[in-house]
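For the single chain, residues carry numbers from 1 onward in sequence order.
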Amino acid sequence: MAKLELKFSADQQYQIDAVDSICDLFRGQEFMNGEFLAEAAGERGLFDTVGHSNGMRLSAQQLEANLHGVQEENALAPTDVLTDGRLRDFTVEMETGTGKTYVYTRTIFELNRRYGLTKFIIVVPSVAIREGVLKSFRSTRGHFATLYDNAPMDVFVYDSKDMGPVGNFATSSSVQVMIINIGAFNKGFQSDGGVDEGNLFHRASERLPGGRSPRELVSECRPIVIIDEPQSVDNTAKAKAAIRSLNPLFVLRYSATHKEEYNKVYTLTPTDAFQQGLVKGICVDSVLTQEDLNGSYVRLESTKKDPFSARLTIDVKQRDGSQKRKAVTVKPGRSLYDASNENPDYESGWIVSNISAAEDDQFVEFLNGERIELGQAVGDVAEEAIKRAQIRRTIEDHLQKQLELHPRGIKVLSLFFIDKVERYRLYDPVRSGEYAQMFEEEYADAVEKWRPRYEKAGVPLDDDPTAVHTGYFARDGKKRFKNSTASASTAADVETFSLIMEEKETLLSFPATTDTEEERAKKRVQFIWSHSALKEGWDNPNVFQICTLVETKDTMTKRQKVGRGLRLCVDQNGERCYDEDVNVLTVVANESYDTFARQLQSELEKDGVRFGIITPETFTTVTIERGGSEERIGYAGSKAIFDSFQQVGLIDKKGNVSPELKLAAELGTVELPAELEGAKEQVEALIVHKVQKLQIKDKSNEVTVELRKDVSEDPAFQELWERIRRRTRFEVDVDSDKLIVDAIESVQGMPRVEAPQVLSTRADISVDDTGVGAEATATSIVQTGGRRVYDLPDPIAELQDAVGLTRATIKRILEGCGRFDEFAINPAQFLAQVAAKINKAKNEAVAEGIKYTKLPDDEWYTMEDLEPGELKAYLDQNAWEPKNGKSLYSYVVYDSSSVEKPFAVELDQAEEVKVFAKLPACFKIDTPLGGYNPDWAYVVEKDGEHRVYFVTETKGGGNNDIRVSDSERTKIKCARRHFEAIAAPDLEYNVRTTYHAIEFDGSR
């Protein structure tokens, strides 16, 4: 079998939007290349060589106008945060696992294609992230070569022992990308910000042109500096000075958790990522036990000095003779027998003999020989039971997942995080640690339980416990595993991270008969043991289970833990799988589901993620029809809506949404200022989106959705199925002349295109230890005469990409609209408005001109298409159990708790409804805008005689005020044509918010 290669998609809209948000900052910039002279040494002595640098002639006013335009496009607050007195830093916020590295790599190519920029430096905080970035560049090389016509690019990791690539960085005219650790050059700065020549990056080198230092040479290039995880890179004065020393043309900052946001131009929040299915969903499998108060339990919580003391948790005897686990403070010489109110469990030598409070070596010793380290507990039978149970649950979840996904060519991986290597591997002699022993025992036992199910399904099952797991840890000089540190900068750490990255594809692959013995051994690995220091910078898309087994204080946040497995999985062809039912990450935790979800939510909020918040710019991109044309309400309109909510108490001063506003948005009853009433459904949709929190699934409430045979065989359902299973194909006959007339009329009514505003910003200059800085204090619009001159793009070509019509058609629209003179005023705004008008006219023309014809019956849906497979759902989160035996499925899986779930309840309770089904996702009607999946099918019977068969789409709003977007409205029109074409007797298609018995009329 050929080596697995990851495939990358070039049409992920959210990634394209992130790339464009940066590139559009420089609209109006001419394609240019800068040069400088640098001496170089050769056989004939010194000679002049040309260095190539980035160039930029965009005015500060235009850059600021572009920034505010991009921010409005993405519904972000307008900002003008200056660095060193100029707009220099721009922020992109993207949730972990959504392709942040891919986005800034594509941005590099795009900046080169559009503006000729060639010099880029990627600054990273750690070896783990550095190796991940390098691996990403290698993995995407072929993808970008195809996308950008083999544009040359050199990528290298800065190495102080090899200056050749640094020299080439300066003198090459092709795209150059340097990846460097902040630690490689920030240590060269003294506390006053001055350069310390002791650091090789700042020291002159005879191996570089002109004998310059690497810093001097790259700073001549005016590089675009990309900071990966800036919250961990330039978070000190020295680090900021180091970045400044690179003389960056601009600084682009990418992270999911920015501490300093500067000028944010794009954001993809955790809620966005989860709701759009861009990352795996999260499920918590809680492993809990009751306290075991038998025996002597001692846990070290903390130590301190001056004077030396320790905080221990022990079992304290109560007055009634019972025991209670409590924390006590002890000093050297203190007896735990006394501290526990004479609990006899502590009589045998439990006297404190030594306390260490060293930062990395905290422990307490007792006269009986016991030594307890920070976070460690002795005498806790339950603790060992919990660890073993966590390991067993991880194995069980893994085997279940692999049984489901093997037929789809997806290999399942599970990850264990531990904080001490000796728990996994011991030496002298070499043997398994306690966790490895537990794993092998539990795996061998689990295999026997699961073998019959695997054999029945024809899925291979590896029954060798020693072959399916391995550890990724740094090694010492004797090639023994060692504990990594959080900084992870030694050669051994580098080797480990490199191994993880290089073997990513191997871990994703099933063993093949053509594999060598070594390849087969690596591919058999399904369970990975790793050190808790590896908390960022690497992941694997097929990690489906994560289990943390820690004895000492757990320094990994829950967000760091889940981040290692959030990326969408891939199959044996390297193709990404987008099935939300497949992409679920299970966290095996020794805490309750509620606790885990609450703490993860708290971490996200601490990182700046705001849930249930509306801001003055929230509704900026909402459009409204005025004078026969649609226009964006902009920041002023958005703030008017925000203020109207605040005035009546529907949001508080911080923007928190009240329960009343949330309910009104779900029911479609939000009241807006009269002049903005036309934006009602868009505003309500945004409110519903903003109030949604991160959906964490509870494993204990997991259910398997099954097809109910008694309902599927019911004559009423069979009659319904016979009507709706018919499939069609469509043809579109668009009246081109009418389309052009409608588009011209729409463009004529669009708002006047205005020139970008020029803003003046006043700033205070400050000088401190980190250098010269500036802070904006005021801004105002400057009115000027004359017209700005642009390098105009081809408007027909640009509109072709946006609307998909022929050049001839677009030409007729532009010639007939009478508005083309506005193109030169503001090309970007003109093209965006015209494209929106043409697309709306095109969608309406498609819906009017579509014609469906029925396919042969051998291409219709069959009962097999109704089988849910291994569909999992979660009670009270996205699943409801019907009560009256009328549902086709054992559980109704819903997307909306305010619309779909109540509708299901009504169907289940309505006496006239005989059977009903939430239609599976595979049941689609083809439309020019993609597949359309109606929500419900059900049968209504009147007086036991006349039956009517319904297919219904549920939407928010009211039954007389359905809320749908333009694209949804087009799909619904197409669906009506489909059902007309299949001509099924007594079958009706409608769109509703709630079910009412009055919709059935016996006279029909």
Side-chain angles (χ1 to χ4, degrees), residues 6-18 93-100 102-103 256 266-284 401 404-405 408-410 412 539-546 559 562-571 574-587 597 600 604 609 611 685-686 688-699 702 705 868-874 877-879 893-897 899-901 918-924 929-935 965 967-968 971:
L6 297 175
K7 305 293 194 307
F8 298 90
S9 172
D11 58 1
Q12 295 292 312
Q13 191 59 50
Y14 73 96
Q15 294 178 339
I16 295 171
D17 291 343
E93 179 182 79
M94 294 182 69
E95 175 59 3
T96 301
T98 58
K100 166 172 56 72
Y102 175 94
V103 164
Y266 181 80
T267 182
L268 181 74
T269 68
T271 305
D272 295 329
F274 282 102
Q275 288 178 355
Q276 296 175 35
L278 305 179
V279 294
K280 291 192 185 86
I282 301 174
C283 176
V284 177
K401 198 75 173 180
E404 297 170 7
L405 298 187
R408 303 179 65 157
I410 297 171
V412 173
D539 54 22
N540 190 294
N542 285 21
V543 168
F544 284 94
Q545 286 75 224
I546 290 180
R559 196 174 189 189
V562 301
R564 307 288 65 78
L566 283 182
R567 202 173 299 276
L568 300 181
C569 64
V570 300
D571 62 18
E575 298 283 357
R576 195 76 64 187
C577 171
Y578 295 98
D579 189 337
E580 293 185 23
D581 295 326
V582 168
N583 283 299
V584 178
L585 173 67
T586 298
V587 180
L600 177 59
L604 289 167
V609 180
F611 296 95
L686 280 169
V688 170
H689 172 73
K690 289 293 184 181
V691 299
Q692 289 180 335
K693 294 191 175 184
L694 206 59
Q695 184 69 270
I696 309 296
K697 300 178 176 68
D698 186 352
K699 185 77 173 181
E702 184 181 84
V705 180
E870 295 285 346
L871 177 60
K872 298 290 192 299
Y874 301 85
Q877 291 183 299
N878 72 333
V893 181
Y894 55 84
D895 296 322
S896 166
S897 60
V899 177
E900 290 188 348
K901 182 182 176 181
K918 180 73 161 61
L919 291 169
C922 67
F923 186 92
K924 292 185 184 298
L929 300 183
Y932 165 65
N933 174 218
D935 291 320
S965 65
S967 62
E968 288 175 321
K971 286 185 176 183

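- Using a 4.5 Å cut-off on side-chain heavy atoms (C-beta onward), Ile546 and Val562 make no contact.
- Distance alone, capped at 3.5 Å, is enough to place a donor-acceptor pair between the Arg576 side chain and the Leu568 backbone.
- Atom NZ of Lys697 and atom CG of Asn878 lie 6.5 Å apart (nearest 0.5 Å).
- In this structure, the side chains of Tyr578 and Ser9 come closer than 4.5 Å at one or more pairs of heavy atoms.
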Exercise. Please walk me through it: do Glu580 and Lys280 pass salt bridge (Lys or Arg N to Asp or Glu O under 4.0 Å)?
Worked result: CA-CA 7 Å; Glu580 293 185 23; Lys280 291 192 185 86; over 6 Å; no
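- Between atom CD1 of residue Ile282 and atom CD1 of residue Ile696 there is a gap of 4.0 Å, rounded to the nearest 0.5 Å.
- Summarising the geometry of Thr96 relative to Gly563, their closest heavy-atom pair is CG2-O, 3.7 Å, with the distance given to 0.1 Å.
- In the displayed structure, Lys401 atom NZ is contacted under 6.0 Å by more than 12 heavy atoms of other residues, nucleotides or ligands.
- Remark: Lys699 engages Glu702 in a salt bridge, criterion side-chain N to carboxylate O under 4.0 Å.
- Considering only heavy atoms from C-beta on, Tyr874 comes within 4.5 Å of Val584 through its side chain.
- Shown here for Pro868 and Val705, the closest heavy-atom pair between the two residues is CG-O, 3.2 Å.
- Atom NZ of Lys971 sits about 6.5 Å away from atom CG of Leu929, to the nearest 0.5 Å.
- Ion pairing between a basic and an acidic side chain is recognised when a charged N comes within 4.0 Å of a carboxylate O; Glu95 and Lys100 show no such pairing.
- Leu919 is not listed as a side-chain neighbour of Asp935, based on a closest heavy-atom distance of 4.5 Å or more.
- Put simply, the side chain of Asn933 gets close to the backbone of Phe923: a donor and an acceptor are under 3.5 Å apart.
- Using a 4.0 Å cut-off between a side-chain N of Lys or Arg and a carboxylate O of Asp or Glu, Asp579 and Arg408 qualify as a salt bridge.
- With sequence neighbours excluded, the residues satisfying side chain to side chain contact (heavy atoms under 4.5 Å, CB included) with Ile16 are Gln13, Asp20, Arg106.
- When all heavy atoms of Ala18 and Met94 are compared, the closest pair comes out as CB-SD, 4.3 Å.
- In this structure the side chain of Leu585 never reaches within 4.5 angstrom of the side chain of Gln545, judged on heavy atoms.
- Judged by distance alone, with hydrogens and angles left aside, the side-chain atoms of Tyr266 form a donor-acceptor pair with the main-chain N or O of Tyr14 at under 3.5 Å.
- Expressed to the nearest 0.5 Å, how far CG of Leu278 lies from OG1 of Thr98 amounts to 7.0 Å.
- Cys577 is not listed as a side-chain neighbour of Val570, based on a closest heavy-atom distance of 4.5 Å or more.
- Of all heavy-atom pairs between Val691 and Val688, the closest is CG2-O, 3.3 Å.
- Using a 4.5 Å cut-off on side-chain heavy atoms (C-beta onward), Lys872 and Asp581 make no contact.
- Here the straight-line distance linking atom SG of Cys283 with atom CZ of Phe544 works out to 13.0 Å at 0.5 Å rounding.
- Asp895 CG to Gln275 CD: the interatomic distance, rounded to the nearest 0.5 Å, is 11.0 Å.
- A donor-acceptor pair is defined here as one N or O able to donate and one able to accept, closer than 3.5 Å; no such pair exists between the side chain of Gln15 and the backbone of Ala10.
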